[in-house]
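Take a look at the structure set out below.
This is a predicted model, so every value here is computed, not measured. Counting starts at 1 for both ligands and their atoms, in listed order. These values consider heavy atoms only, across backbone and side chains, with no hydrogens, waters or symmetry-generated copies.
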Amino acid sequence: MTSISDIRDMLPDMDGYAYFQTSGFSPKPIPVIDEIIHWLRFQSRGPALPFVGDKIQKVFEKTRSRVAGALNASPEEIVLGENATVGINIVANGIEWKEGDNVILSSHEHPGNRLTWYNIADRHHVKLRFVKMTNDRNRMLNELRQMVDDRTRLISISHVSRRTGMRVPAAAICEIAHNQDVPVLFDGAQSFGAIPVDVRELDCDFYAFCGHKYILAPQGTGGLYIRQDRIEWLKPSWIGSHSQKTFDQDGNMMLLDEAKRFEFGTRNLPDQAGFGKALDIWNEIGWKNVFQGIAQYSDHVKKALQQIPDLVLETPLAYEESSGIVTFHVPGYDSITVLDSLRDHEKVLGSSLEFSQESVRISTHVFNTDEHLARLVSGIRRIMGEGKGNSK
Ligand SMILES: Cc1ncc(COP(=O)(O)O)c(C=O)c1O
């Protein structure tokens, strides 16, 4: 039986680094790497061999079931692809836009949920509106209420902010949107595996996710949840072999009924098998234990950082309103200089954020240790003591 403390031993050698970069890309457990290698070798025996093709296809479908289980969706509602951005693009390019339509995003979106819409705005003369993502959830909801109008075609917003780690009031957002018949797409890149996600409870229309962050699955794994009644509604912009139920030589086709209709062509199945293996590990540990572990550790980090004079915590204190991300700044201190110094002196890895000169993002997971935290805190104190990075 795997428990949460086993995760650390499953990870490859990180050369002593305190890895606070899971929100960017996570390290991968050895059993996940072994699973990929196993299926890569197996498939390489000859993808067309009947026992090879059938078996690996079953492994792929097993991953789909695991993902569906983790999101409380049904497998028929899951598209498996390369990343969250592909999922967002399936939605963005699957809507029949009319000039003057609008889409609501937030001020904290990643380029994946930003540039996709800049492109739609450019091509279809659609207007973009940005709700201000603040830790004051009521303020955010009020602003959103004012923004939705009869030309709003979609709200596309992160479930967890990549900048502050704030968890948006997702169910309330869906309620506001659905009251005006507006569908909701959540970008779940920072939430899947970091906080509980139940797409039925949220009642969202779409949920894009990736495997390579909090799930500790391979780079290049992710996908999209499409609620059953939205599968037919969404127009497929890219399809191909395997999207269809039937087709003939004269231009007729019937697409699959399932969300799988958005998948096509030759796929990287070994990586998807690794995605399934990572989910198996978390299932065995129990999601409740995982979220409890992330909550405890991130709480620990916040409390330790709050002890540092002048440091400003940007992340909400309660896990219920945040995630594994802890973002802070020290007024006047440049984030890149702080991060470079932490990396070079304490072997601590965090990340900076675009559009912010000072914010430092520390993303925590259950494999991070007290010793990692001690190094982070003493590093920040050292930098402040030296006045290094102080741009004042
Ligand atoms: C909120 C958010 N959305 C989307 C992405 C992009 O994810 P992917 O590489 O899976 O497309 C990221 C990655 O950092 C992210 O933080």
Residue, atom name and distance, where the atom is the protein heavy atom closest to [atom]:
{"atom": "atom 10 (O) of ligand 1", "result": "A84 N, 2.9 Å"}
{"atom": "atom 12 (C) of ligand 1", "result": "H110 CD2, 3.3 Å"}
{"atom": "atom 11 (O) of ligand 1", "result": "T85 OG1, 2.5 Å"}

Review point. Between E232, E77, E76, which is the residue that forms a salt bridge (Lys or Arg N to Asp or Glu O under 4.0 Å) with R261?
Key: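 Exactly one pass, corresponding to E232.
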
Exercise for review: Would you tell me which option among R162, K213, Q190 has the nearest heavy-atom contact to atom 13 (C) of ligand 1?
Suggested key: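 Nearest heavy atom to atom 13 (C) of ligand 1 lies in K213.
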
Review point. Less than 6.0 Å separating the ring centroids of F192 and F209?
Key: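 So the answer is yes for these two rings.
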
**Study point:** H365 ring center near Y19 ring center (under 6.0 Å)
**Key:** no

Point to revise | Within reach of ligand 1, part of D187 (heavy-atom separation under 4.0 Å) | key: side chain

Exercise for review: Would you please classify the geometry between the W39 ring and the F42 ring as parallel, tilted or perpendicular, with 30° and 60° separating the classes?
Suggested key: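 Judged by the thresholds at 30° and 60°, the geometry between F42 and W39 is perpendicular.
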
Check your understanding: For E284, does the CD atom have more than 12 heavy-atom neighbours from other residues, nucleotides or ligands under 6.0 Å away?
Key -> yes

Check your understanding: C210 heavy atoms, cut-off 4.0 Å: which ligand 1 atoms fall inside?
Key ->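 So the answer, numbered in order with elements, is 10 (O).
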
Practice item. Check ligand 1 against A189 and write out every atom of the ligand that is under 4.0 Å from a heavy-atom position of the residue. Key: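 Heavy-atom distances to A189 below 4.0 Å select 2 (C), 3 (N), 4 (C), 5 (C), 12 (C), 15 (C).
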
Check your understanding: Does S158 have a heavy atom less than 4.0 Å from any atom of ligand 1?
Key ->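 Within the 4.0 Å threshold, so yes.
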
Review point. Is the shortest distance from a heavy atom of H212 to ligand 1 less than 4.0 Å?
Key: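 In this structure, H212 qualifies as a contact of ligand 1 - some heavy atom is under 4.0 Å.
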
Review point. For S26, what residues pass the side-chain contact (heavy atoms from CB on, under 4.5 Å) criterion, not counting sequence neighbours?
Key: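 Here the qualifying residues are T22, K28, L216.
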
**Study point:** In one Ile/Leu/Val/Met/Phe/Trp/Tyr side-chain cluster, 4.5 Å: V182, I88
**Key:**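 Looking at the clustering, I88 is in a separate group from V182.
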
